[in-house]
Amino acid sequence: MNQVYIQPNEWSILEEGFDAEMVKSSESLFSIGNSAMGQRANFEEEYTGPTFQGSYIAGVYYPDKTRVGWWKNGYPEYFAKVLNAPNWIGINVLVNDEKLDLHACKEVLNFKRELNMQEGWLSRSFEAVLQNDIKIKVDTKRFLSLEFDEIGAINYSITPLSNDVSITYIPYLDAGITNEDTNWDDQFWDVLGVSQDNHQSFIEARTMKTHFYTCTFMESKLFIDNNEVTTNCVNEQSSNFTANKHQQEIKKDQTYTIHKFGGYVVDRNHDKDELVAAAKTALDKVVSLGFDALLAKQKEAWAKIWSMSDITIEGDVEAQQGIRFNIFQLNQTYLGTDASLNIGPKGFTGEKYGGSTYWDTEAYCIPFYMATKDQSVARTLLEYRYNHLEKAIENAEKLGFKNGAALYPMVTMNGEECHNEWEITFEEIHRNGAIAFAIYNYHRFTEDYSYIPEKGLEVLIGIARFWHQRVNFSTDKDKFVMLGVTGPNEYENNINNNFYTNYIAKWCINYALENIDIVKIDHISDYIRIKEKVNITDEELASWKNVADNMYFPFSEKHNVYLQQDGFLDKELITVADLDQSQRPINQKWSWDRILRSPYIKQADTLQGFYMFEDHFTTEELERHFDFYEPFTVHESSLSPCVHSIQAAKLDRMEQAYTFYLRTSRLDLDDYNHEVEEGLHITSMAGTWMSIVEGFGGMRVVDNSLSFSPKIPKGWDSYSFKVNFRQQVITVNVSQNGTQFELEGTKEINILVNGEQVTVSPK
C-alpha cells in the first residue's frame, strides 16, 4: 500500500501530525537544494529517533573502493560516494535544561511541516510538552539561497506557553558525520581546522583521497519579540565540532528567535588556502541583509524560475501538486550555472546509486532543461560529456577496445566509470546511445548546429567506433549481432541481441556518418582538425556502414513484433495482471535468479526505442508493440511510467496515459516503490514534465517545425505550459474546449497543430 499522508495542495507539500514512522520519508520529500548544495529535511534540534541525516555539496565525492565477492578484470576501482558533508543546520535547544527532542517529548501537538515550492522554503511548527512538563510552541523556517548559493538561512523561534523559562540555543557545526552508504566504513573527511572569530565559526575539512577542500561556517543573531538582543555567548570546541551557547530568560508568551546563517565554500570555486576568508565574505553579505531580506530575494528568484517552467493544471489538485513537486526538485538539483556539475539520480536527497551522472541526463533531463531554460543550459550538459571524452576512451580501453572507441560510464563523477555491478558496468552499454541521441535532440530542437563541428562530432566518432567493435558477425544469421548485453530492462542480464541496444547502435553509426559528411562540406576547417586528431579513414567509415546496414534485430513472425532479445518467447509469458499482488514489487520479494527467468520488464525497453525513434515506426507498429510489452511491465523503475504515459497518449488511450502520469508525478509523494526514505528519484522527474508536454501536449519537432497534438485527461478542466523554442517562448493552453497558443517573441512563428500549419503572432 502506498503512503498517502501528504496533504493535497497546489503549491506546497504539507504534512500534518507528527508520526515517527514517517520521519525518514519526510526527510526525503521535504528536501531542499539550490544546485550548489542540498540537504534532507532533518530537524535542526536533536532527534534521537530513526533518522537519515544528510547534507551534500555538489561535485564533492569520495572514491569508495569497490567491494565485490569475485573480482573481474575491468571492474572499476571505486564506487563514487555522494558525501554526507559536515552539518551546519544543527541547533540544540534546552528549555530549563531539558533538551528538546521530539522523540522524547511527552506530547507533540499541532505538528505541521510545509515545503513551499512557489517561494522555495521549508517550515515546521508544533507544540511540545517536554519531560519537565513545560509546554512550548516552535516555529522554524529555512531555505538555501539561490542568489547566494553558498548560503543557507534558518529562522528558529520558541514561545513558552505554560510559564517563564530559561531557553538555551546552541547552534553548532559538526564534522563528525558518517555516510549511510559506504562499502568499507572508511573515514571520508579529514578535519584540518576548527576556529571561531567573534560570532563566526568555521570548520575546514578535506575529503580523503579526492582532496576536495571545504569550509563549513555559521553565524547567528538572537531576537526577543523581533528585537535583536545580545547574549553572553559561551563557545564550545573540539577537534571536529564547534558551538555557541546562548542562554536567555524568556517570559511566558514571549518569542525567542535565532537566525542562523551557514553553508559551505569549496576549493572548486575558491583558493583552498583562502576558504575561511571566502566564508567570512559570504557571511558578511547575507548577515547584513538579514533573514527577511534574504528570504525576499529567494522568493524573487523562484518567481523567475516558475515564470518559465511552471505547468498549471485546473481541476486536479493531486496532479497539480505532483508536477510542481517534480519541477521544483529538478530546479533545486541543477540550474546549469556550473559546467562541471550534472543531475544526480538522487540529487541532494540521499546517497543511493552514487555518482552524479547516469544516462538519465541525456534521455530524460535534457528535454526539460532545453525547453524551460535558455538553450545554453542544455548545451552545457552536452559539453559535460565532451569534456569526459578522453575518460570514455580510457573506459573502453580497459575493456579491450581500441582506436579511440569510447564507452561512456554508466555512473560517473569525473568521466571515469564507477559502477561496480558487472551486469551494468560491462553490459548496459546502451547508455552510449543516449549520449549521441542527446546531440541529435539538441540540434533538432534548437537548430544550433555549431556544437557538432566544434565538439559533438568527436563524441559521435568515439561512440560509433565502440559500436563497430562491440558487434561480431554471425555466419549463421549472416548479420552483425550484439552478445552479452543488458538493455534498459535491468531484469534481463547478459542476453543477446537486445532490440533497443542493436537499434540505437545502428542509428548512432548512421548519425555519425551523416554528420561527418555535413562537417566535411560545411565546416571544412573543423573537419580537417578532427580528421587529423582522430585519424579517421574512408576504409573505416565503409566498415562502419557495413555494420549498420547489416545489423540483426530479433523478430517474431507469430506476434509481428520485434523481440526484446533472443529467447524472450522461451519464457513463461504470464502477464502482470495475473501476478499475485503480494509478490510486488518483485525486486523486494523475489530472488534475482527468479527475476531473470521471468518475462517481467522493469521499464520501457523495446518501447524505449519506439519512444526515441517514434518517427521510424508507424502508429500501428507502436500499438502492436505497446500491447505486447506493456502487460509484462512491472514499472519498478522510476523511468518507466513516463514513457508509457507518452505512448498511451499517442495511441489516444487517455485513461491509461493519465494513470501512468499520476504514477510518475507522485512516484515519491505516494511512495509507489516503497523506498522514498532513501531519497527522491530526481532524474525521472524530468519524465513527468515530458508526460504532459510530449504526452498530453503531443509536442514534437516535425519537418523542422514545432508540432502539437493536444489531448486532455477527462477529469481536468485545463492545463498550460511554456516552451522556449529557438529563443521564442510559446505558451500552450489546453482546455476541454480547445487549445490556444501565445507567443513571447519578436516575430511570428509557424507551428503544426494536429498536422495543420498554424501561424502564431507575438502578443
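We're numbering straight along the sequence, starting at 1. Only this structure's heavy atoms are used, side chains among them; waters, hydrogens and symmetry mates stay out.
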How about Thr731 and Phe741: do any of their side-chain heavy atoms sit closer than 4.5 Å? no

Value for NE2 (His681) from CG (Asp360), rounded to nearest 0.5 Å, stands at 10.5 Å

Would you indicate whether the side-chain heavy atoms of Trp359 and Leu639 approach each other to under 4.5 Å? yes

Sequence neighbours left out, what passes side-chain contact (heavy atoms from CB on, under 4.5 Å) with Asn750? Give chain and number order. Gln757, Thr759

side-chain contact (heavy atoms from CB on, under 4.5 Å) evaluation trace for Tyr442 with Gln375: CA-CA 8 Å; Tyr442 172 80; Gln375 67 186 45; 3.8 Å; yes

So does Arg597 pair up with Glu572, basic N to acidic O under 4.0 Å? no

No-hydrogen, no-angle side-chain donor-acceptor test under 3.5 Å, Gln564 and His625: no

Hey, what do you get for CD (Gln469) to CH2 (Trp544), rounding to the nearest 0.5 Å? 10.5 Å

Please test Tyr527 against Ile516 for side-chain contact (heavy atoms from CB on, under 4.5 Å), starting from the C-alpha separation and ending with a verdict. CA-CA 8 Å; Tyr527 176 77; Ile516 288 171; 4.0 Å; yes

Would you please say whether a donor-acceptor pair under 3.5 Å links the side chains of Tyr491 and Glu636? yes

Taking the side chain from Gln740 and the backbone from Asn733, do they hold a donor-acceptor pair closer than 3.5 Å? no

Just verifying a value: how many Å separate Ile536 CD1 and Glu540 CD, rounded to the nearest 0.5 Å? 5.0 Å

Do Asp578 and Thr575 pair up side chain to side chain, a donor and an acceptor below 3.5 Å, judged on atom types alone? yes

Hey, are the side chains of Gln736 and Asp717 touching, using non-hydrogen atoms and a 4.5 Å cut-off? no

In the structure I gave you, are the side-chain heavy atoms of Asn498 and Met482 within less than 4.5 Å of one another anywhere? no

Solution key, residues 646-656 side-chain donor-acceptor pairs under 3.5 Å, sequence neighbours excluded:
residue, atom, partner, partner atom, Å
Gln647, NE2, Leu607, O, 2.9
Arg653, NH1, Asp627, OD1, 2.6
Arg653, NH2, Glu623, OE2, 3.0
Arg653, NH2, Asp627, OD1, 3.1
Arg653, NH2, Asp627, OD2, 3.2

Residues Met699, Leu706; criterion side-chain contact (heavy atoms from CB on, under 4.5 Å); working and verdict: CA-CA 7 Å; Met699 188 184 80; Leu706 202 58; 3.9 Å; yes

Under 3.5 Å, is there a donor-acceptor pair between the Glu447 and Asn704 side chains? yes

In Å and rounded to the nearest 0.5 Å, what is the CD1 to OG1 distance from Ile366 to Thr380? 10.0 Å

Decide yes or no for Ile439 and Val459: does some side-chain heavy atom of the first lie under 4.5 Å from some side-chain heavy atom of the second? yes

Nearest heavy-atom approach of Ala436 to Cys508 is CB-SG, 3.7 Å

For residues Thr357 and Thr412, is any side-chain donor paired with an opposing acceptor at under 3.5 Å? no

Answer with yes or no whether the side chains of Ser665 and Thr688 bring together a donor and an acceptor at under 3.5 Å. no

State, with a plain yes or no, whether a side-chain heavy atom of Phe480 is found less than 4.5 Å away from one of Trp467. no

Where do Tyr719 and Gln320 land on the side-chain contact (heavy atoms from CB on, under 4.5 Å) test, with the steps shown first? CA-CA 9 Å; Tyr719 65 94; Gln320 178 69 88; over 6 Å; no

Which atoms form the tightest heavy-atom contact between Leu460 and Ala512, and what is the distance? O-CB, 3.8 Å

Is it the case that the side chain of Tyr661 and the backbone of Ala319 share a donor-acceptor pair, with hydrogens and angles ignored and the cut-off at 3.5 Å? yes

When Phe568 is tested against each of Thr606, Leu573, Ile495 for side-chain contact (heavy atoms from CB on, under 4.5 Å), which residue passes? Leu573

Considering only heavy atoms from C-beta outward, does the side chain of Arg700 approach that of Leu752 to under 4.5 Å? no

One pair to check against side-chain hydrogen bond (donor to acceptor under 3.5 Å, both in side chains): Ser691 and Arg663. What are the steps and the verdict? CA-CA 11 Å; Ser691 295; Arg663 176 161 182 161; over 6 Å; no

Minimum heavy-atom separation for Asn432 to Ala406, with atom names? ND2-O, 2.8 Å

If only side-chain N and O atoms count, and only distance matters, is there a donor-acceptor pair under 3.5 Å linking Thr683 with Tyr358? no

Does a donor on one side chain and an acceptor on the other come within less than 3.5 Å for Asn496 and Asp566? no

Rounded distance (nearest 0.5 Å) linking atom CZ of Phe325 with atom CG of Leu667: 10.0 Å

Would His430 and Glu428 count as having a side-chain donor-acceptor pair, cut-off 3.5 Å? yes

Checking Ser705 against Asp703: is there a side-chain donor and acceptor pair closer than 3.5 Å? no

For the backbone of Tyr672 and the side chain of Asp670, can you confirm whether one donor and one acceptor N or O come within less than 3.5 Å of each other? no

Under a 4.0 Å threshold between the charged nitrogen and the carboxylate oxygen, would Arg624 count as salt-bridged to Glu620? no

Heavy-atom distance under 4.5 Å between the side chains of Asn673 and His635, does that happen here? no

Can you pull the salt bridge (charged side-chain N to carboxylate O under 4.0 Å, His left out) pairs that have at least one residue in residues 482-494, sequence neighbours excluded? Glu490-Lys602, Glu492-Lys571

Under the criterion side-chain contact (heavy atoms from CB on, under 4.5 Å), which of Phe610, Phe613, Tyr562 is the partner of Tyr503? Phe613

